Amino acid sequence: MNTKLDSVLLPRKKFIYHYKNMRWAKGRHETYLCFVIKRRVGPDTLTFDFGHLRNRNGCHVELLFLRYVGALCPGLLGYGGPGEKRLSYSITWFCSWSPCANCSTRLSQFLSRLPNLRLRIFVSRLYFCDMEDSREREGLRMLKNIGVQITNYKERIDIFLIYLGSTLGRLSHPKIFKAWGELHQNSVRLSRKLKRILQPLETEDLRDAFKLLGL
DNA sequence: ATTTTCAAT
C-alpha cells in the first residue's frame, strides 16, 4: 500500500478545525477527505480500510482519491478479462468541503462505469453553493442522479464519530470527541439547504406556481 | 446586515 495513504491519521485539532460545519468557515483553504472502504471479498466476508487525504499540488482531494483508487481498491477496476469477477466496494467519504463542479463531473464519469462501486459522501460544508444556479449545485445533483448518496454528516453522526474515535484511538488520544456547540444547529441548516439543492423544482411545481400566479 | 470557499503571498 502506498505509504502516503497509509498515513498518519488526522490529528484531532486539525480534524475539528477543518470539519467544523459552520456557515462562514474562514481560512479553510484546504480540503480533507476521510474515507472508509468496505470491500466484499466473499459472500460472507468483508474487509475494511480507512484513512484520509488532503488536496495537494492544485489537485482537489476527490481527484486525488481517484488517482489512488486502484491501489486502495484492488479488484475494483478489473482488466476486462473474459468472465472476470470484479469485487464490490462501498466507499464512504467524509469531506470537509463538498465537491466542486469539475470534481462532481469527473466523479460521475468515473462512477458511471463502475456498478460494483457504491459511494456515499458526507460533507461538512457546501462549497460555492450559495447561488441558485451555481455549477457546484448542478454537480451535486449530477452525483445524486448517478446514485451517489450525498448528505451532511449529522444524519449519520454515529458513523462519523466511530470513524473519529478510531482515528483518535490510533493516535493514542484517549480524549472523547466533544462536538462543538453549534454542530446540531449548523447541520440542520445544512440539511435543509442540501435538500433544496438536491430536489430542485419539478416542472409540476412550476406549473402549480404559474397557475397560482394566473400566468 | 454581513461574513467564506481544494490560495496566494
Side-chain angles (χ1 to χ4, degrees), chain A residues 2-37 50-73 91-111 119-144 146 148-154 160 163-164 167 179-198 200:
Chain A
N2 191 318
T3 52
K4 281 171 193 161
L5 294 174
D6 221 4
S7 75
V8 226
L9 293 152
L10 207 44
R12 171 195 173 84
K13 281 180 77 173
K14 185 172 272 188
F15 184 95
I16 290 177
Y17 178 72
H18 284 283
Y19 280 83
K20 267 203 176 182
N21 58 357
M22 70 255 268
R23 179 69 185 89
W24 311 108
K26 197 172 181 178
R28 273 67 172 182
H29 297 289
E30 317 179 280
T31 298
Y32 285 83
L33 188 164
C34 294
F35 57 85
V36 179
I37 296 174
F50 68 95
H52 81 271
L53 293 172
R54 199 206 83 180
N55 63 299
R56 283 193 287 110
N57 307 326
C59 182
H60 281 195
V61 71
E62 297 88 341
L63 301 186
L64 211 54
F65 188 95
L66 292 192
R67 191 179 292 178
Y68 294 140
V69 76
L72 285 168
C73 306
I91 298 179
T92 304
W93 286 357
F94 298 99
C95 296
S96 53
W97 286 112
S98 63
C100 78
N102 181 50
C103 287
S104 292
T105 304
R106 298 276 299 275
L107 251 182
S108 300
Q109 290 167 347
F110 177 78
L111 292 168
L119 176 67
R120 61 181 164 172
I121 306 176
F122 296 99
V123 300
S124 288
R125 297 179 305 271
L126 295 170
Y127 185 71
F128 283 110
C129 282
D130 283 347
M131 303 296 285
E132 204 68 45
D133 60 348
S134 84
R135 293 181 58 238
E136 273 64 29
R137 286 189 176 216
E138 199 52 56
L140 296 184
R141 285 192 284 269
M142 192 190 310
L143 286 173
K144 186 198 173 195
I146 63 153
V148 176
Q149 185 188 112
I150 172 159
T151 154
N152 69 312
Y153 53 65
K154 185 59 172 70
F160 192 63
Y163 176 85
L164 184 61
T167 300
W180 46 95
E182 317 80 5
L183 184 145
H184 179 71
Q185 199 180 335
N186 287 343
S187 72
V188 167
R189 174 185 50 72
L190 189 66
S191 289
R192 286 207 194 100
K193 184 164 178 177
L194 197 48
K195 202 169 177 184
R196 279 206 313 276
I197 291 171
L198 296 178

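In what follows, every chain begins at residue 1, and chains take the letters A, B, ... in the order their sequences are listed. Everything numeric in this text was worked out from a predicted model, so none of it was measured. Side chains included, hydrogens not; waters and symmetry mates left out as well; all remaining heavy atoms used.
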Could you tell me the separation between the [atom1] atom of [X] and the [atom2] atom of [N], rounded to a whole number of Å?
X	N	atom1	atom2	result
A:Lys26	B:dT3	NZ	P	11 Å
A:Phe94	B:dC6	CZ	C1'	19 Å
A:Leu190	B:dT5	CG	C1'	14 Å
A:Arg54	B:dA7	CZ	C1'	11 Å
A:Lys20	B:dT5	NZ	P	16 Å
A:Glu136	B:dT5	CD	P	14 Å
A:Asp130	B:dT3	CG	P	10 Å
A:Glu30	B:dA8	CD	C1'	13 Å

Is the distance from OP1 or OP2 of [N] to the nearest side-chain N or O of [X] less than 4.0 Å?
X	N	answer
A:His29	B:dA8	no
A:Asn55	B:dA7	yes
A:Tyr127	B:dC6	yes

Electrostatic pair A:Arg135:A:Glu138 at N-O distance under 4.0 angstrom:
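Salt bridge: no.
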Should the pair A:His52 and A:Tyr32 be assigned to parallel (<30°), tilted (30 to 60°) or perpendicular (>60°) ring geometry?
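Plane angle between 30° and 60°, so tilted.
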Test item: A:Leu72 and A:Ile91 side chains (from C-beta on) under 4.5 Å apart, heavy atoms:
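No. Closest side-chain heavy atoms not under 4.5 Å.
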Measure distances between side-chain N and O atoms of A:Trp24 and base N and O atoms of B:dT3, and say whether any donor-acceptor pair falls under 3.5 Å.
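Indeed there is one.
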Decide if the gap between the ring center of A:Tyr19 and the ring center of A:Phe94 is smaller than 6.0 angstrom.
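Ring-ring flag for A:Tyr19/A:Phe94: false, centres at least 6.0 Å apart.
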Check whether the aromatic ring of A:Trp97 stacks on the base of B:dT5, taking stacking as ring centres less than 5.5 Å apart and planes within 30° of each other.
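No.
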Touch check for [X], heavy atoms < 4.0 angstrom, all strands: base, sugar-phosphate only, or nothing?
X	value
A:Arg125	nothing
A:Ser134	nothing
A:Glu62	base

Which value, in whole Å, describes the distance between the C1' atoms of nucleotides B:dT4 and B:dA8?
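Between the two C1' atoms, the distance is 16 Å.
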P atoms of B:dT9 and B:dT5, separation to the nearest Å
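It works out to 15 Å between them.
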Between A:Thr151 and A:Phe122, does the side-chain contact (heavy atoms from CB on, under 4.5 Å) criterion hold? Intermediate values first, please.
CA-CA 5 Å; A:Thr151 154; A:Phe122 296 99; 3.8 Å; yes
